[in-house]
There are 2 protein chains.
Amino acid sequence: MAEDSAPHGTAPIQPESVSDATLRGLIGYSMKRAFMVIRADLARTLEPFELRMMTFTALTLVADNPGLSQSQLAQAMAVERPNLVVIVDELETRGLITRDRVPTDRRTYALHITSEGAQLLARATRAVHQHENGIMGKLTAEEEAALIATLKRIEASGGRS
Amino acid sequence: MAEDSAPHGTAPIQPESVSDATLRGLIGYSMKRAFMVIRADLARTLEPFELRMMTFTALTLVADNPGLSQSQLAQAMAVERPNLVVIVDELETRGLITRDRVPTDRRTYALHITSEGAQLLARATRAVHQHENGIMGKLTAEEEAALIATLKRIEASGGRS
DNA sequence: TATTGTTATACTCTATAACTATA
DNA sequence: TATAGTTATAGAGTATAACAATA
């Protein structure tokens, strides 16, 4: 093992470089660090559209699943219903989606994207794909597919009671 | 002007199942979902030890790099210095680490793990490895190594100016 | 009684600005 | 002036409890 490069110190010697070798093998540690990088990058990409990761995700899901309810959206986004309310509020206030009453069940709202929302989403999606290419550009198509497949399996394995 | 929202003819019918096919190809989306599962699982694993992901990480890094400063620890953990203070406070209050003054530079502290801290860390680390095996058990050794290597490359690619 | 959407609340994580004490 | 640690603060994300309206 390599000793410190300041041999004259007594007890409190500060290491030249910090080793994270023990943690590096843990999937939680590696995943967190990679995710933080991606999240920060995505936030920068979405900033010009005044979207965050959560609002972008919600907008995309509403666009792809017209008429879905807030409960359905919350479940799809893996967040609790109370947390979704503010997200839907924000998108509705900005005129990007609508909350439509459902005649057959007056408790629920059917969410729809507006033409404004669709336009913004189209531009944001282009920017996101462009930025993903920048990050994933160094990976081969096989590596990228393997990564996403592995992540999906990890996600599925976490179905906890 | 007619605020014609939502595609015409789209009745407010709620879809049977919600599709996230558009998002699934985005690394940010897949990574977030997998990370959330792992984070929740890790939190449950560390709960009996009254540790969180951040305090466990800090404790491990202090154990592996005796005498490191808070600035070094903050940089290693990729968090801002102010956020690290409360983490170190908590670990010190619980008697798991010590803050030792450095004679050669009285501005800095040298962090050291205590024997209590080392004992707790050993038990927590065993539990974490056991739980990681539970999550990663469905992956082959090659898949696991490939995943960690890919995550590391993604992390490195995000070195933003 | 159960469910949808909601309000209120709290805790964690992250970030920035500004202060102190040292260098 | 520059740096290490600190305080204060703010913004997100996430979680639970409890409520009104509706089923």
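Numbers restart at 1 for each chain; the letters A, B, ... are given by sequence-line order, proteins then strands. For the numbers below, each heavy atom of this structure counts, side chains included, while hydrogens, waters and symmetry mates do not.
- Atom CG of Leu84(B) is separated from atom C1' of dC13(C) by 13 Å (rounded to the nearest Å).
- For the side chain to side chain donor-acceptor pair (under 3.5 Å) condition, the pairs that include at least one residue of residues 29-38 of chain A, sequence neighbours left out, are Asp20(A)-Tyr29(A), Tyr29(A)-Arg33(A), Arg33(A)-Glu155(B).
- Comparing Asn83(A) and Tyr109(A) by the nucleotide of DNA chain C whose heavy atom lies nearest to each, the residue mapping closer to the 5' end is Tyr109(A).
- Residue contacts for Val85(B): at a heavy-atom cut-off of 4.0 Å it reaches a base atom on one of the strands shown.
- Among dA21(D), dT14(D), dG5(D), the nucleotide with an atom closest to any side-chain atom of Arg107(A) is dA21(D).
- Following rounding to the nearest Å, Gln75(A) (CD) and dA15(D) (P) show an atom-to-atom distance of 14 Å.
- Gln14(A) and Thr108(B) share a donor-acceptor pair across their side chains, judged by distance under 3.5 Å alone.
- Summarising the geometry, the separation between CG on Leu42(B) and P on dC13(C) is reported as 11 Å, rounded to the nearest angstrom.
- Counting to the nearest Å, the C1' atom of dT12(C) and the CG atom of Leu51(B) are 15 Å from each other.
- The side chain of Arg52(B) lies closest to dT12(C), out of dG13(D), dT12(C), dT7(C).
- Nucleotide dT4(C) holds its P atom 13 Å from the CG atom of Leu68(A), rounded to whole Å.
- If you find the closest nucleotide of DNA chain D to Arg81(B) and to Lys32(B), the one lying nearer the 5' end belongs to Arg81(B).
- Considering Arg101(B), Glu92(B), Gln70(B), Arg99(B) as possible partners of Tyr109(B), the one that fulfils the side chain to side chain donor-acceptor pair (under 3.5 Å) test is Arg101(B).
- Asp89(A) places its CG atom 12 Å from the P atom of dG5(C), with the value rounded to the nearest Å.
- Within the 4.0 Å cut-off from OP1 or OP2 of dA4(D), not a single side-chain nitrogen or oxygen of Gln72(B) is found.
- Residue order along DNA chain C, read from the 5' end via each residue's closest nucleotide, puts Ser71(A) first among Ser71(A) and Met36(A).
- You'll find that the side chain of Gln70(B) is closest to dG5(D), out of dT7(C), dT14(D), dG5(D).
- Checking dG5(C), dT22(D), dG5(D) against every side-chain atom of Arg106(A), the shortest atom distance belongs to dT22(D).
- Counting to the nearest Å, the P atom of dG5(C) and the CD atom of Gln14(B) are 7 Å from each other.
- For the residue pair Ile148(B) and Gly25(A), the shortest heavy atom distance occurs at CD1-O, 3.4 Å.
- We find that CD of Glu80(A) is positioned 12 Å from C1' of dG13(D), with the value rounded to whole Å.
- Residue contacts for Asp105(A): at a heavy-atom cut-off of 4.0 Å it reaches the sugar-phosphate backbone alone, with no base atom in range.
- Side-chain atoms of Gln72(B) come within 3.5 Å of backbone N or O of Pro15(A) as a donor-acceptor pair.
- Mapping Ile87(A) and Thr104(A) onto DNA chain D by nearest heavy atom places Ile87(A) at the nucleotide closer to the 5' end.
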